[in-house]
Amino acid sequence: MRMIDIIEKKRDGKSLTKEEIEFFVNGYTHGEVPDYQASSLAMAIFFQDMNDEERAALTMSMVNSGEKIDLSDINGIKVDKHSTGGVGDTTTLVLAPLVAAVGVPVAKMSGRGLGHTGGTIDKLESVKGFNVEISEKDFIKLVNDNQVAVIGQSGNLTPADKKLYALRDVTGTVNSIPLIASSIMSKKIAAGADAIVLDVKTGSGAFMKTLDDAEALAHAMVRIGNNVGRNTMAIISDMSQPLGNAIGNALELKEAIATLKGIGPKDLTELVLTLGSQMVVLAEQATSLDEARQMLIDAIKTGKALNKFKTFLSNQGGDDSIVDSPEKLPSAKYQVEFKAKKDGYITEIIANEIGVASMILGAGRQTKEDVIDLGVGIVLNKKVGEHVEKGENILTIHTNTKEIDDILYKLDNSITIESKGEAPTLIHKIITE
Ligand code: URA
Ligand code: CA
């Protein structure tokens, strides 16, 4: 087989065979296919697309390019949740203990990475002593004993994706549905998921800005999952404004605890119950979504979910007293209120801008070397659709510096008050095929 023939075939709009796709992925992973040929093929895929068989083959070739996590010693159906990323997305912190409390095994592998705030692991590390550097053996035992554990990203998962994603980043080929969908799905499958619930975000704070694009990506990922034997479904949810009220690491952990206590923000609670019900059904712990939702609501009401969270923290060395005394979590030196300049209804809180403001405060990493400030961030007191009076607090900035003029300027430009406004739709679509 020759790489040049594969490139020309795709360039001319023909479908590649599984063998041709494997030849490319293996060759590229091992340095036998040079960057210029890989980028040429990526561009051909960008313009000519891939059919379902090609997408499945590309996904599985990338899965097979490196190590795979073996979760077969964990009892039950392992359902993983993946979000395409947003601002103040606290769902994993709530979902993991919540679905574990009703019997769904949650074996979560998580990373740090770049972004507006840290990743799930950074947020959990606001808890003193909490440790994700555990052995795979301990990880599996913890999930079998307590249904939930989190481990740091380890091993050499999907090296083909790592290399190809970096190449796409500099060759104008990131924004291609078959390439994005196979990239995301390969990582979930290599991490050992039997079934996958996808939360595809849409809006200014999301990777997919429009509903049409989000829907196309969701369909593509669901089809790949189902075609390679992983039960997969997706919901499309709003990311035009931040999710919940808190954006920041310790701040989001506090918000997660409040939500597990049943006193969290309405939108975060609703999204968690929607995603959670799907996970419970996929894990075969309930036969209908209604039954699953009721189980989750009960787990919150009875304190079962909160207790699960405490055990989860202490199992991994964390100080679980923060659940009853969240004021022990890291906090910022100053709290500055951002007030409404006129009466009216909030019509816009641009998620992406609030995210960038949080990152500038120190809540997230711009480069891999940046150190996160766990206590800082932003807490919304009002959301889109709510009424405010002049002088009323819209949000509180949690900061360790008093020099925040650039933040205030940014906030001024990302929050709009008008005479009429309504809350955005939270859950746009549920996609099962
Ligand atoms: N996120 C990924 O993991 N891969 C892509 O290709 C795009 C976004
Ligand atoms: Ca939040």
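Numbering of ligands and ligand atoms starts at 1, following listing order.
Counted within 6.0 Å of CD on E422, heavy atoms from surrounding residues, nucleotides or ligands total 12 or fewer; the atom is thus considered open.
Contact analysis puts I180 in contact with ligand 1, with a non-hydrogen atom separation below 4.0 angstrom.
When hydrogens are left out, the protein atom nearest atom 7 (C) of ligand 1 is Y165 OH, 3.2 Å; that is the closest non-hydrogen contact.
Looking at every heavy atom in both residues, E125 comes nearest to F130 through CG-O, 4.0 Å.
Between F312 and F309, the two ring planes are tilted [angle within 30° to 60°].
Taking 3.0 Å as the criterion, N245 does not count as a coordinating residue of the Ca ion (ligand 2), since none of its N, O or S atoms falls below it. The Ca ion (ligand 2) has an N, O or S atom of G88 inside 3.0 Å of it. Among the backbone and side-chain atoms of L243, an N, O or S atom lies under 3.0 Å from the Ca ion (ligand 2). Put simply, A246 gets within reach of the Ca ion (ligand 2), with an N, O or S atom under 3.0 Å from it.
Short contacts between ligand 1 and S183, defined as distances under 4.0 Å to a heavy atom of the residue, involve ligand atoms 2 (C), 3 (O), 4 (N), 5 (C), 6 (O). For ligand 1, the atoms closer than 4.0 angstrom to any heavy atom of K187 are 2 (C), 3 (O), 4 (N). Near F207, the atoms of ligand 1 lying under 4.0 angstrom from a non-hydrogen atom of the residue are 7 (C), 8 (C).
Residues E8 and I4 form a side-chain contact, since some pair of their non-hydrogen atoms from C-beta on lies under 4.5 Å apart.
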Do T202 and K209 pass the side-chain contact (heavy atoms from CB on, under 4.5 Å) test, and can you show the C-alpha distance, the side-chain angles, and the key distance before you say yes or no?
CA-CA 5 Å; T202 181; K209 308 286 179 210; over 6 Å; no
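Side chains of T120 and K108: no donor on one and acceptor on the other come within 3.5 Å.
Of the residues D89, D238, D213, the one that meets the salt bridge (charged side-chain N to carboxylate O under 4.0 Å, His left out) test with K201 is D89.
When the Ca ion (ligand 2) is compared with the N/O/S atoms of E255, atom OE1 turns out nearest.
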